[in-house]
There are 2 protein chains.
Amino acid sequence: MNPLTTRRMETKLDQLQQRIDFIKAIDALKEVQRKTCLFSESRYENSAEHSWAVATFALTLADYAPSGTEINRVIHMLLLHDIVEVDAGDTLCYDEEGSKDKAQREQAAADRLFGMLPTKTAQHFRTLWDEFEAEETAEAKFANALDRMIPVLHNLDTGGKAWIENSVTFDQVIAKNQKIGRSSPALWNYLLPRIQRAHQDGWLL
Amino acid sequence: MNPLTTRRMETKLDQLQQRIDFIKAIDALKEVQRKTCLFSESRYENSAEHSWAVATFALTLADYAPSGTEINRVIHMLLLHDIVEVDAGDTLCYDEEGSKDKAQREQAAADRLFGMLPTKTAQHFRTLWDEFEAEETAEAKFANALDRMIPVLHNLDTGGKAWIENSVTFDQVIAKNQKIGRSSPALWNYLLPRIQRAHQDGWLL
């Protein structure tokens, strides 16, 4: 085998090792606990299984995305959206104190984790993650809408278990989640009366 | 609003409720324990977080799929491939006794779970799941290759923790995993010498 072919093969093998090292590193997402209970209420969920649920939710609710939305880019974003929590931890969206330095912590995590990958894939994944965070494209808006909607469904179904434990109020739930309606009015029309009912029933203050 | 419009809106709302009920039902996948340890060795993983890992692995290893493979169909299959375990449980691929009625148990689970969805989506998801199980298309072969590869990586990295606890032998590992090479020679060329080394080192008998 000539040296050029050998070097090409080595590079290909190095790149495979980089990808496998990335997968090993983000395995730690299975140990990041979120402030949302399973529907069964048996325990809090972790960010890895949440990422599966919300990506599968996107596949299941593809018809509720605005016309022209590329659902596969939504799914890619949702698979990657939380991996920065491996370094930065999960910050409850209602936690104003924790949210102050969240962006900075997550940017550093993104630099480290995506930086483990071969350049082209690193850039591709970072662009997807930045797009999700900026929430400007139709795909990023829909991905964020689903990411907000899932914990609302969990709370509505469990008598607000995680909301109550974290002292989350009706006004906060409305303020943080009404953006869902800008991406998908049908989804917000489903949620809003149920959130209002929880408030009227007295368990969401 | 005329009655036809009202009926159409109701149908759309019913369909949304069906989709949400499906997502609630498959949330139980977070409580199905697999026989693979986390890379950190802190505990066994569950099938929901595994599904996230292997779908993200597909996105990360897209370049290693045979030319022409539709990577998004691979990802869709991997998001859905294990949901039947909600009813049927996880069966270790080396468990010959448990594998006898596995297909029957999983078919019944697929009937129930996909049957919760509106007809068109139910058919779409069932077709993807059947395609994964049949392992005939390039997409299904690559999805299955990644699904086999991930537990091998976990075992190689943890001194064969789950293999040893489940009395899995070198011959079994080779027999069950060599199919990876039919879909992606590069991935099998990476794994094979590492599995052989584990055998030579004496911890994979």
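Here is the naming used below: chain letters follow the sequence lines, and residue numbers restart at 1 for every chain.
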Closest contact, heavy atoms only, [X] versus [Y]:
{"X": "B/Leu16", "Y": "A/Tyr64", "answer": "N-OH, 3.4 Å"}
{"X": "B/Trp52", "Y": "A/Ser51", "answer": "CD1-CB, 3.4 Å"}
{"X": "A/Leu79", "Y": "B/Leu79", "answer": "CD2-CD2, 4.2 Å"}

Toward chain B, the part of A/Ala62 with a non-hydrogen atom under 4.5 Å: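 For A/Ala62, neither part sits under 4.5 Å from chain B.
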Interface moiety of A/Ile26 toward chain B, non-hydrogen atoms closer than 4.5 Å: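 Both backbone and side chain.
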A side-chain contact here means heavy atoms from C-beta on lying under 4.5 Å apart; do [X] and [Y] qualify?
{"X": "A/Ile150", "Y": "B/Ile23", "value": "yes"}
{"X": "B/Leu59", "Y": "A/Leu80", "value": "yes"}
{"X": "A/Met149", "Y": "B/Ile20", "value": "yes"}

Segment of B/Ile75 engaging chain A (4.5 angstrom heavy-atom cut-off): side chain
Can you check whether anything in [range] gets within less than 4.5 Å of chain A, heavy-atom wise, and list it by number?
{"range": "residues 28-47 of chain B", "answer": "B/Leu29, B/Lys30, B/Glu31, B/Leu38, B/Phe39, B/Ser40, B/Ser42, B/Arg43, B/Glu45, B/Asn46"}
{"range": "residues 197-204 of chain B", "answer": "none"}
{"range": "residues 154-177 of chain B", "answer": "B/His154, B/Asp157"}

A/Arg19 (side chain) donor-acceptor with B/Leu61 (main chain) under 3.5 angstrom: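 No; zero donor-acceptor contacts below 3.5 Å.
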side-chain hydrogen bond (donor to acceptor under 3.5 Å, both in side chains) partners for A/His81, two or more places apart: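 Expected list: A/His50, A/Asp147.
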Salt-bridge contact B/Lys120-A/Asp63 (side-chain N to carboxylate O under 4.0 Å):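 Not counted as a salt bridge, because no side-chain N and carboxylate O are separated by less than 4.0 Å.
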Distance (rounded to the nearest 0.5 Å) between B/Thr60 OG1 and A/His124 NE2: 10.0 Å
